[in-house]
*Asks:* 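Below: one structure in structure tokens.
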Amino acid sequence: MSIDWESINASLPFEKNEDEYEQRKALWDGIDVNGNGFLSLAEISKGIRDVIGVDELFDCTPAINRAFHYSKNRTEGGEQGFDYIEFREFRLFLQTLRMFFEFYQAFDSIDEGDDRKINKEEFANSKDAIERWVGVIEDMDAEFDSIDVNEGGEILFSEFVEWAMAKDLNIEVEEFANSKDAIERWVGVIEDMDAEFDSIDVNEGGEILFSEFVEWAMAKDLNIEVEEYEEE
């Protein structure tokens, strides 16, 4: 299945700026039809179908579940406890849903049996793709065993997520060149965008990982002034 990443990104406004705050508030109000200020997993799932309206996201139940459970207990003092998401947690939910949805696309591409589990053979068969995402893996069997935490002989999505987060996995090709104007506002004139991209892409995977971007940004003394909008 070909993923329209532009549509996915546009549907999940998690950035900390005024425009995306307003989009996020509108989504929340559309999903929280009871107006009680909190959302259950069932309400979130229904909202992804009816309000956000992206079928690929709605069909990706493992990513929704994982993002919900990751986000729902991240703030203290909530009136509804840890079984619901409040608005102050909604931005994190959208952000992690985007991330876990991407992880699931990677997971699903390895899962040849479509049983939501990856065995050693499937993992080994995807060596080229996996190395494009995370870099060279010397011993695929040992890597598999390190992911298979419960030692069940298969990698579950929850185990894959933990590994992917630790590895800073990124399967989407970011449009670095298309952001030239913004990047030059942050760091000054860049004469050769391809060469600059390659200098950031330290592991030569053809994509800039967040960890690589951070190192580059620190070296460039990058400063992006973003006004903070409280999630109230």
Side-chain angles (χ1 to χ4, degrees), residues 1-9 11-12 14 40-42 44-46 48-49 52 54-74 82 85 92-174 201-213:
M1 177 177 63
S2 178
I3 301 297
D4 183 352
W5 289 107
E6 185 175 350
S7 174
I8 294 294
N9 293 337
S11 70
L12 300 173
F14 59 79
S40 66
L41 176 58
I44 282 279
S45 299
K46 185 175 184 296
I48 290 172
R49 181 192 66 193
I52 295 178
V54 178
D55 291 341
E56 292 92 342
L57 287 173
F58 175 70
D59 292 339
C60 197
T61 303
I64 297 172
N65 291 345
R66 184 75 180 177
F68 179 86
H69 291 294
Y70 183 89
S71 306
K72 70 184 176 67
N73 60 354
R74 293 291 161 170
F82 293 152
I85 283 181
L92 178 61
F93 169 76
L94 296 176
Q95 185 174 21
T96 53
L97 176 58
R98 167 63 179 79
M99 178 171 63
F100 294 150
F101 176 76
E102 183 172 355
F103 289 169
Y104 191 77
Q105 303 315 305
F107 180 86
D108 189 54
S109 71
I110 302 172
D111 175 23
E112 298 169 358
D114 291 328
D115 55 1
R116 294 188 175 178
K117 294 178 286 188
I118 297 171
N119 60 38
K120 268 194 176 179
E121 182 180 359
E122 292 170 330
F123 190 72
N125 289 345
S126 297
K127 186 177 191 295
D128 289 345
I130 292 169
E131 290 191 329
R132 284 199 303 273
W133 303 333
V134 303
V136 175
I137 297 175
E138 298 293 345
D139 187 333
M140 291 294 284
D141 283 345
E143 192 74 19
F144 181 97
D145 292 340
S146 74
I147 305 171
D148 179 24
V149 177
N150 71 0
E151 299 181 353
E154 296 168 317
I155 296 173
L156 307 178
F157 180 59
S158 57
E159 294 171 325
F160 186 84
V161 164
E162 293 300 321
W163 173 76
M165 291 177 70
K167 288 286 190 179
D168 206 4
L169 180 148
N170 186 2
I171 66 169
E172 182 191 358
V173 176
E174 299 293 342
D201 178 25
V202 176
N203 74 357
E204 300 181 354
E207 298 167 325
I208 295 173
L209 306 180
F210 179 66
S211 57
E212 294 171 329
F213 184 84

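The residues of the chain are indexed from 1 along the displayed sequence. What you see is a predicted model; the values in this text were computed from it and never measured.
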*Asks:* Salt bridge (charged side-chain N to carboxylate O under 4.0 Å, His left out) with Asp145: which residues, sequence neighbours excluded?
*Replies:*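 With neighbours one apart ignored, the set is Lys120.
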*Asks:* Who pairs with Phe157 by ring pair (Phe, Tyr, Trp, His ring centres under 6.0 Å), at least two apart in sequence or on another chain?
*Replies:*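 Ring pair (Phe, Tyr, Trp, His ring centres under 6.0 Å) list for Phe157, sorted by chain: Tyr104, Phe107.
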*Asks:* For Val134 and Trp163: C-alpha separation, side-chain torsions, deciding distance, then whether side chain to side chain contact (heavy atoms under 4.5 Å, CB included) applies.
*Replies:* CA-CA 10 Å; Val134 303; Trp163 173 76; 4.0 Å; yes
*Asks:* Between SG of Cys60 and CG of Leu97, what distance do you get to the nearest 0.5 Å?
*Replies:*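 Output value for this atom pair is 8.0 Å.
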*Asks:* Nearest 0.5 Å please: distance from the CZ atom of Phe93 over to the CD1 atom of Ile44.
*Replies:*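 Spacing of CZ (Phe93) from CD1 (Ile44) equals 4.5 Å.
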*Asks:* Counting C-beta onward and ignoring hydrogens, is there a side-chain heavy-atom pair between Leu41 and His69 closer than 4.5 Å?
*Replies:*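 Leu41 vs His69: side chains touch.
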*Asks:* Calculate, to the nearest 0.5 Å, the distance between atoms CG and OG belonging to Leu94 and Ser71 respectively.
*Replies:*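 Reported to 0.5 Å precision, the distance equals 8.5 Å.
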*Asks:* With a 4.5 Å cut-off on side-chain heavy atoms, are Leu57 and Leu12 touching?
*Replies:*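 Leu12 vs Leu57: side chains touch.
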*Asks:* With a 4.5 Å limit on heavy-atom distance, are the side chains of Asp114 and Asp108 in contact?
*Replies:*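 A side-chain contact exists here, since the closest heavy-atom pair is under 4.5 Å.
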*Asks:* Who are the ring pair (Phe, Tyr, Trp, His ring centres under 6.0 Å) partners of Phe14, not counting sequence neighbours?
*Replies:*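 Once residues adjacent in sequence are excluded, Phe14 has no partner under the ring pair (Phe, Tyr, Trp, His ring centres under 6.0 Å) criterion.
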*Asks:* For Met140 and Phe123, which heavy atoms make the closest approach, and how far apart are they?
*Replies:*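 Shortest heavy-atom contact: CE-O, 3.3 Å.
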*Asks:* What residues form a ring pair (Phe, Tyr, Trp, His ring centres under 6.0 Å) with Tyr70, not counting sequence neighbours?
*Replies:*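 Per chain and number, Tyr70 pairs via ring pair (Phe, Tyr, Trp, His ring centres under 6.0 Å) with Phe100.
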*Asks:* Can you tell me how far apart CZ (Phe144) and CD1 (Ile130) are? Round to the nearest 0.5 Å.
*Replies:*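 If I round to the nearest 0.5 Å, the distance is 10.0 Å.
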*Asks:* Could you pull out all residues at least two apart from Glu121 that satisfy salt bridge (charged side-chain N to carboxylate O under 4.0 Å, His left out)?
*Replies:*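 With sequence neighbours excluded, Glu121 shows a salt bridge (charged side-chain N to carboxylate O under 4.0 Å, His left out) to no residue whatsoever.
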*Asks:* Please name the pair of heavy atoms, one in Ser109 and one in Ala106, separated by the smallest distance, quoted to 0.1 Å.
*Replies:*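 Looking at all heavy atoms of both residues, the shortest contact is OG-O, 2.7 Å.
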*Asks:* Take Asn125 and Glu112 through the test side chain to side chain contact (heavy atoms under 4.5 Å, CB included) and record every step on the way to the result.
*Replies:* CA-CA 9 Å; Asn125 289 345; Glu112 298 169 358; 3.4 Å; yes
*Asks:* Return the set of residues passing salt bridge (charged side-chain N to carboxylate O under 4.0 Å, His left out) with Glu122 (not counting sequence neighbours), or none when no residue passes.
*Replies:*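 So Glu122 forms no salt bridge (charged side-chain N to carboxylate O under 4.0 Å, His left out) with any residue.
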*Asks:* Got a sec, which residues hit side chain to side chain contact (heavy atoms under 4.5 Å, CB included) with Asp139, two or more places apart in sequence or on another chain?
*Replies:*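 Partners of Asp139 by the side chain to side chain contact (heavy atoms under 4.5 Å, CB included) criterion, ordered by chain and then number, come out as Asp141, Ala142.
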*Asks:* For Ser40, which residues count as a side chain to side chain contact (heavy atoms under 4.5 Å, CB included) partner, sequence neighbours excluded?
*Replies:*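 For Ser40 the side chain to side chain contact (heavy atoms under 4.5 Å, CB included) partners, ignoring immediate neighbours, are Ala42, Glu43, Tyr84.
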*Asks:* The criterion is side chain to side chain contact (heavy atoms under 4.5 Å, CB included); which residues satisfy it with Asp55, sequence neighbours excluded?
*Replies:*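 With neighbours one apart ignored, the set is Asp59.
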*Asks:* Only one of Thr96, Ile3, Ile64 passes side-chain contact (heavy atoms from CB on, under 4.5 Å) with Phe101; say which it is.
*Replies:*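 Exactly one option meets the side-chain contact (heavy atoms from CB on, under 4.5 Å) with Phe101, and it is Ile3.
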*Asks:* Looking at residues at least two apart in the chain, or sitting in another chain, which of them share a salt bridge (charged side-chain N to carboxylate O under 4.0 Å, His left out) with Glu143?
*Replies:*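 With neighbours one apart ignored, the set is Lys167.
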*Asks:* Over all heavy atoms of both residues, which pair between Ile8 and Arg98 is shortest? Give the atoms and the distance, please.
*Replies:*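 Here Ile8 and Arg98 meet closest at CG2-CD, 3.9 Å.
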*Asks:* For Ser158, what residues pass the side chain to side chain contact (heavy atoms under 4.5 Å, CB included) criterion, not counting sequence neighbours?
*Replies:*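 So Ser158 forms a side chain to side chain contact (heavy atoms under 4.5 Å, CB included) with Arg66, Leu156.
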*Asks:* Identify the two heavy atoms, one from Asp111 and one from Arg116, that lie closest to each other, and give their separation to 0.1 Å.
*Replies:*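 Closest heavy-atom pair between Asp111 and Arg116: OD2-N, 2.8 Å.
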